[in-house]
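If you read the sequence from its start, that first residue is 1, and numbering goes on from there. Remember, it's a predicted structure, so these values are computed and weren't measured experimentally. Order of appearance sets the numbers: ligands from 1, and atoms from 1 within every ligand.
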Amino acid sequence: MDRSSTLLFFLIIFILLLLHANANNISTDEAALLELKSHISNNIIATNWSASVPVCSWIGITCSSRHHRVTALNISSIQLYGTIPPHIGNFSFISSLDISNNTFHGDLPQELARLQRLKSINVTSNNFTGAITSFLSLLPNLRFVQLSSNQFSWKIPSSLSNLTKLQMLFLERNFLEGEIPREIGDLRYLTILDLQINQLSVSIPPSIFNITTMHVIALTENNLTGNLPITICDHLPDLKGIYLSKNSLDGFIPPNLEKCRKLQKLELGDNVLIGTLPRELDNLTALTYLYISDLHLEG
Ligand SMILES: *[C@@H]1O[C@H](CO)[C@@H](O)[C@H](O)[C@H]1NC(C)=O
Ligand SMILES: *[C@@H]1O[C@H](CO)[C@@H](O)[C@H](O)[C@H]1NC(C)=O
Ligand SMILES: *[C@@H]1O[C@H](CO)[C@@H](O)[C@H](O)[C@H]1NC(C)=O
Ligand SMILES: *[C@@H]1O[C@H](CO)[C@@H](O)[C@H](O)[C@H]1NC(C)=O
Ligand SMILES: *[C@@H]1O[C@H](CO)[C@@H](O)[C@H](O)[C@H]1NC(C)=O
Ligand SMILES: *[C@@H]1O[C@H](CO)[C@@H](O)[C@H](O)[C@H]1NC(C)=O
Ligand SMILES: *[C@@H]1O[C@H](CO)[C@@H](O)[C@H](O)[C@H]1NC(C)=O
Ligand SMILES: *[C@@H]1O[C@H](CO)[C@@H](O)[C@H](O)[C@H]1NC(C)=O
Ligand SMILES: *[C@@H]1O[C@H](CO)[C@@H](O)[C@H](O)[C@H]1NC(C)=O
Ligand SMILES: *[C@@H]1O[C@H](CO)[C@@H](O)[C@H](O)[C@H]1NC(C)=O
Ligand SMILES: *[C@@H]1O[C@H](CO)[C@@H](O)[C@H](O)[C@H]1NC(C)=O
């Protein structure tokens with residue numbers, strides 16, 4: 001190829017790329033929203049999401065001024081009943097999705113994995129079923145994941161450790177079973193891990209006590225067994241709450257808990273822990289709540 005045909009070649013490639021980028025515009029978002037609308041029964045949405053007004057003024061929609069694309073969908077708490085269609089994967093600019101506190105049911109579609117800009121997802125208090133799907137681990141920008149109070153079942157995928165920016169993980173009040181994956185300990189920025197009221201079993205992986213950013217570890221009402229690590233608080237300088245009651249934990253209460261200097265709430269009741277309450281816990285001056293009833297303690 002001579003110089004001008006090389007130039008022409010690259011010009012054609014460039015134009016093709018532009019056309020491809022243009023194939024995705026606000027009309028794509030609108031089509032996805034109308035598809036979602038057709039999957040839910042609700043008067044507010046039925047009248048407000050009207051094709052005769054611009055998408056960006058529809059209730060629950062936020063658009064970016066720069067790209068003029070949907071960046072947030074918040075349709076929480078408006079009594080929506082329905083399912084989520086695969087078209088939700090077409091919101092290529094969305095960073096926040098809140099469909100919490102409605103009555104959505106069925107599975108979360110795999111197409112969610114296409115939302116590469118997603119930072120926050122809240123589907124809490126719905127009736128979703130199926131597995132906590134590992135497609136979440138394909139969304140590298142997620143910081144906030146709230147899937148609480150649904151009917152999710154099966155195991156917590158170890159691939160969640162892929163979410164290196166994750167700060168809060170709420171999976172409480174579901175039907176999750178099996179082990180808490182040791183890989184959760186790889187999440188270096190996690191501040192809240194809430195797995196309460198599930199059916200998780202086996203021992204707590206010590207790796208989760210190695211996340212130095214952690215503020216809250218909540219694991220009550222599961223079927224967790226085994227001892228608490230004797231070095232439990234060596235790497236938890238900011239821990240404010242640890243909730244472990246209503247499990248089958250055994251062994252002694254580690255005196256090392258005194259190293260969690262900022263601890264305000266400690267729940268250990270309803271387990272099969274033995275021995276005495278360590279004197280060192282007197283050193284926890286921030287402690288305002290201690291639940292230890294039904295322990296097999298002496299002294
Ligand atoms: C979106 O792109 C399609 C082509 O894929 C085009 O027909 C349509 O006019 C565009 N819409 C807007 C609002 O730019
Ligand atoms: C849709 O809801 C928005 C936000 O509440 C409101 O500003 C707008 O007027 C509504 N549009 C229609 C057509 O109902
Ligand atoms: C969605 O809207 C509700 C109520 O308007 C609000 O409480 C909630 O914080 C919003 N969610 C997000 C992610 O902004
Ligand atoms: C959930 O939605 C209902 C209305 O459907 C509302 O009354 C309630 O306050 C909401 N709960 C939360 C936690 O936002
Ligand atoms: C949107 O998503 C659906 C289902 O995933 C797909 O069939 C469709 O072609 C996508 N694209 C547009 C522009 O609507
Ligand atoms: C997630 O949804 C629940 C229920 O609507 C709400 O209480 C909670 O504040 C939401 N979280 C965020 C960060 O908006
Ligand atoms: C949620 O789903 C279960 C069955 O899967 C059903 O029995 C229950 O009534 C549903 N709850 C609501 C609020 O729709
Ligand atoms: C982890 O994330 C990378 C990219 O962020 C992706 O290629 C890989 O498939 C993910 N692994 C799993 C198990 O999801
Ligand atoms: C926790 O961290 C310490 C020191 O950084 C390391 O020696 C230990 O192996 C880690 N434990 C786990 C279970 O990851
Ligand atoms: C909890 O675990 C114990 C021993 O591993 C088992 O015998 C028991 O059935 C489990 N209980 C529940 C509710 O899963
Ligand atoms: C912690 O408590 C122990 C036993 O009650 C006591 O001997 C020790 O001096 C205390 N340490 C600190 C740093 O207060």
Side-chain angles (χ1 to χ4, degrees), residues 19-39 44-45 48 51 55 58-63 69-80 83-102 107-126 135 141-148 158 161 167-168 170 179-188 190 193 202-214 217 226-237 239 254 256 259:
L19 283 177
H20 180 74
N22 260 348
N24 233 343
N25 58 27
I26 189 73
S27 307
T28 315
D29 294 341
E30 177 170 13
L33 287 166
L34 290 173
E35 190 65 30
L36 176 59
K37 174 179 163 174
S38 75
H39 281 73
I44 301 172
I45 297 294
N48 193 281
V55 175
W58 291 0
I59 195 166
I61 309 297
T62 306
C63 293
R69 294 293 302 271
V70 172
T71 53
L73 175 63
N74 184 352
I75 45 172
S76 72
S77 306
I78 49 171
Q79 295 176 333
L80 302 178
T83 56
I84 303 295
H87 302 71
I88 195 138
N90 288 354
F91 295 120
S92 21
F93 282 85
I94 205 165
S95 69
S96 171
L97 180 64
D98 188 345
I99 57 171
S100 64
N101 194 23
N102 286 298
D107 288 3
L108 288 175
Q110 296 290 326
E111 284 76 6
L112 276 173
R114 294 171 52 206
L115 307 180
Q116 289 296 303
R117 289 178 166 86
L118 202 64
K119 289 183 182 162
S120 161
I121 181 169
N122 192 352
V123 310
T124 201
S125 299
N126 276 290
F135 68 70
N141 289 306
L142 277 177
R143 285 146 171 87
F144 175 91
V145 171
Q146 187 154 5
L147 309 183
S148 332
S158 58
S161 64
Q167 294 169 8
M168 300 185 198
F170 296 90
E179 302 180 42
I180 300 171
R182 155 181 67 75
E183 291 82 357
I184 295 283
D186 296 339
L187 298 169
R188 303 321 306 166
L190 203 60
L193 176 66
V202 201
S203 57
I204 304 170
S207 62
I208 71 168
F209 301 114
N210 249 9
I211 306 176
T212 55
T213 48
M214 201 71 102
I217 297 174
N227 302 349
L228 293 173
I230 55 166
T231 56
I232 185 165
C233 280
D234 276 359
H235 305 285
L236 296 172
L239 198 73
N256 178 279
K259 288 196 179 169

S.K.: Need the ligand 9 atom indices (1-based, order shown) with element for anything under 4.0 Å from a heavy-atom of Ser207.
M.R.: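 Those of ligand 9 that fall under 4.0 Å from Ser207 are 13 (C).
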S.K.: To the nearest 0.1 Å, how far is atom 4 (C) of ligand 3 from its closest protein heavy atom, and which atom is that?
M.R.: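 Its nearest protein heavy-atom neighbour is Ser76 OG, 4.2 Å.
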S.K.: Measuring to protein heavy atoms, does anything land under 4.0 Å from atom 7 (O) of ligand 3?
M.R.: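 Within 4.0 Å of atom 7 (O) of ligand 3, no protein heavy atoms are found.
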S.K.: Starting from atom 2 (O) of ligand 3, locate the nearest protein heavy atom and write down its residue, its atom name and how far away it is, to 0.1 Å.
M.R.: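 Looking at atom 2 (O) of ligand 3, the protein heavy atom closest to it is Asn74 ND2, 2.3 Å.
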S.K.: Touching ligand 3 at all, Asp98? Heavy atoms, strictly under 4.0 Å?
M.R.: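 Contact check Asp98 vs ligand 3: positive.
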S.K.: Could you list the atoms of ligand 3 found under 4.0 angstrom from a heavy atom of Ser96?
M.R.: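 Near Ser96, the atoms of ligand 3 are 13 (C).
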S.K.: Can you pull out the closest protein heavy atom to atom 5 (O) of ligand 9? Residue, atom name and distance to 0.1 Å, please.
M.R.: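 For this ligand atom, the closest protein heavy atom is His235 CE1, 4.1 Å.
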S.K.: Do any nitrogen or oxygen atoms of Asn90 come within less than 3.5 Å of a nitrogen or oxygen of ligand 5?
M.R.: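 The answer is yes, given that Asn90 and ligand 5 share an N or O pair closer than 3.5 Å.
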S.K.: Nearest non-hydrogen contact with atom 10 (C) of ligand 9 belongs to which option: Ile211, Ile208, Thr212, Asn210?
M.R.: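 That would be Asn210.
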S.K.: Please classify the Ser77 to ligand 3 contact at 4.0 Å (heavy-atom distances, strictly less than): side chain, backbone, both or neither.
M.R.: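 Looking at Ser77 and ligand 3, no heavy atom falls under 4.0 Å.
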S.K.: Looking at Pro86, which atoms of ligand 5 are within less than 4.0 Å of one of its heavy atoms?
M.R.: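 Those qualifying, in numeric order: 5 (O).
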S.K.: Check whether the side chains of Ser92 and Arg69 place a donor and an acceptor atom closer than 3.5 Å, and report yes or no.
M.R.: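 Present: a donor and an acceptor within the cut-off.
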